[in-house]
Amino acid sequence: MSGSVIRKGALCMSKKGEAKKRKAERLRNKKLIERYPWLRPVGWHGERLNTYSFTMYDDVPSGWKRAFGKIMLEDYRDVLIRYNYLDKFQWVQVKEKFGTLRLYSNAAPQEVLELESKYDYISSYVCISCGRLNAPVLLQGWIEPLCENCYNKRIVLRRRWHEKNSIDSDFTYTPYGDIKKQTQEIELIATYKCFSKERGAYEKRRDYSDTINKIIKRQKRLFTLV
């Protein structure tokens with residue numbers, strides 16, 4: 001009898017804890033949306049939803065959030081305010097595709113839309129899991145920037161899952177050193193290869209040094225540099 005009472009009490013406390021956690025999360029989301037209105041979640045047809053259970057920012061991978069998330073949000077906010085577009089702009093989809101951050105939005109001034117290209121470029125150099133800059137791009141399986149430490153953590157999790165769910169077969173994986181990948185170092189000036197009927201093939205350059213230097217400065221606080 002006493003054991004049953006204890007279990008019910010523990011369950012009640014667990015439910016209260018979960019409710020408290022959800023309430024705190026909704027409050028954080030509310031504050032986030034108040035400062036960055038374009039993070040309000042949208043429905044299937046792009047309509048804004050009246051909920052604080054989640055935001056469009058939730059779909060930004062954790063490593064990218066950690067490395068440049070707030071820098072990116074403030075970057076957007078500054079430009080939107082300058083164009084008096086803060087309450088008109090909306091992210092309609094956020095995802096990772098081919099190892100970069102894709103930010104899809106409604107119509108907006110060109111300078112606002114160019115931010116999508118900037119963070120697409122920057123994200124390709126940042127570990128999608130921990131946020132370390134200049135992570136190699138893995139080209140085996142999914143294309144993604146991933147550092148060695150985060151890859152090994154992923155393997156540990158997969159091994160644990162395998163040992164629990166598939167004990168009748170051997171666990172195999174490719175060591176990080178054997179994976180086909182491309183080492184890289186971010187350039188402050190991004191170069192894009194373009195083509196038009198009038199000009200033919202040409203290059204377009206964009207100076208992202210201000211933002212990238214902020215990210216580099218933040219890296220020193222995030223990671224111990226040897």
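Just the heavy atoms: all of them, side chains too, but no hydrogens, waters or symmetry mates, feed the values below.
In terms of heavy-atom proximity, Ile179 sits nearest to Gln140 at CG2-CB, 3.9 Å. The minimum heavy-atom distance between Pro37 and Gln90, with the atom names listed, is O-OE1, 3.9 Å. Residues Ser123 and Thr100 share a closest heavy-atom pair of OG-CA, 3.4 Å. A pairwise comparison of heavy atoms in Pro145 and Ser124 identifies CB-O, 3.6 Å as the closest pair. For the residue pair Tyr208 and Ala190, the shortest heavy atom distance occurs at CE1-CB, 3.5 Å. Heavy-atom minimum distance, Glu116 versus Leu103: CD-O, 3.0 Å.
Classification of the Phe68-Trp64 ring pair by plane angle, with boundaries at 30° and 60°, yields parallel. Classification of the Trp91-Tyr76 ring pair by plane angle, with boundaries at 30° and 60°, yields perpendicular. Using cut-offs of 30° and 60° on the angle between ring planes, the pair Tyr151 and Tyr176 is tilted.
In the hydrophobic clustering of this structure, Tyr119 groups with Ile216; members are Ile, Leu, Val, Met, Phe, Trp, Tyr whose side-chain heavy atoms approach within less than 4.5 Å, directly or through other members. At a threshold of 4.5 Å between side-chain heavy atoms, the hydrophobic network of Ile, Leu, Val, Met, Phe, Trp and Tyr places Leu188 and Ile71 in one connected group. Residues Val112 and Leu73 share a hydrophobic cluster, clusters being chains of Ile/Leu/Val/Met/Phe/Trp/Tyr side chains in contact below 4.5 Å. Each of Leu157 and Leu138 belongs to its own hydrophobic cluster when Ile, Leu, Val, Met, Phe, Trp and Tyr are linked at side-chain heavy-atom distances under 4.5 angstrom. Linking ILVMFWY side-chain heavy atoms closer than 4.5 Å, directly or via other members, places Leu86 and Met72 in a single hydrophobic cluster.
Between Tyr83 and the choices Glu111, Lys88, Gln110, the side chain to side chain donor-acceptor pair (under 3.5 Å) rule is met once, by Glu111. Among Ile143, Val60, Ile128, Asp59, the single residue meeting the side-chain contact (heavy atoms from CB on, under 4.5 Å) criterion with Glu96 is Ile128.
Both cation-pi conditions hold for Arg66 and Phe223: the charged atom is under 6.0 angstrom from the six-membered ring centre and inside a 45 degree cone around its axis. Remark: Arg158 fails to qualify as a cation-pi partner of Phe171 under the 6.0 Å distance and 45° angle criteria applied to the six-membered ring.
Taken from CD in Glu187 to CD in Glu185, the straight-line distance is 7.0 Å, to the nearest 0.5 Å. The OH atom of Tyr36 lies 11.5 Å from the CG atom of Leu80; values are rounded to the nearest 0.5 Å. Interatomic distance, Lys30 NZ to Thr51 OG1, rounded to the nearest 0.5 Å: 12.5 Å.
Annotation: side chain of Lys31 is not in contact with side chain of Arg35 (no heavy-atom distance under 4.5 Å).
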Ignoring hydrogens and angles, write down the donor-acceptor pairs under 3.5 Å from the side chains of residues 39-46, residues two or more places apart or on other chains.
{"from": "Arg40", "atom 1": "NH1", "to": "Leu49", "atom 2": "O", "distance (Å)": "3.3"}
{"from": "Arg40", "atom 1": "NH2", "to": "Tyr52", "atom 2": "OH", "distance (Å)": "3.4"}

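At distances below 3.5 Å, not a single donor-acceptor pair connects side-chain atoms of Asp75 with backbone N or O atoms of Thr211. One N or O on the side chain of His162 and one on the backbone of Ser169 form a donor-acceptor pair closer than 3.5 Å.
Between Glu74 and Lys214 there is no salt bridge, since no side-chain nitrogen of the basic residue lies less than 4.0 Å from a carboxylate oxygen of the acidic one. A salt bridge links Glu203 to Arg205: one of the charged nitrogens lies within less than 4.0 Å of a carboxylate oxygen.
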Between Lys21 and Glu25, does the salt bridge (charged side-chain N to carboxylate O under 4.0 Å, His left out) criterion hold? Intermediate values first, please.
CA-CA 6 Å; Lys21 183 179 178 181; Glu25 185 176 352; over 6 Å; no

Side chain to side chain contact (heavy atoms under 4.5 Å, CB included) for Glu18 and Arg22? Distances and angles first, verdict last.
CA-CA 6 Å; Glu18 286 297 320; Arg22 286 195 297 271; 3.7 Å; yes

If you apply the rule salt bridge (charged side-chain N to carboxylate O under 4.0 Å, His left out), what do you find for Glu34 with Arg77, and how did you get there?
CA-CA 12 Å; Glu34 285 174 350; Arg77 190 172 190 274; over 6 Å; no

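Listed by first and then second residue, the ring pair (Phe, Tyr, Trp, His ring centres under 6.0 Å) pairs that reach into residues 96-117 come to none, sequence neighbours excluded.
Residue-environment remark: CG (Asn84) stays at or below the threshold of 12 foreign heavy atoms within 6.0 Å. When the shell of 6.0 Å around CG of Asp207 is examined, it contains more than 12 heavy atoms from other residues, nucleotides or ligands.
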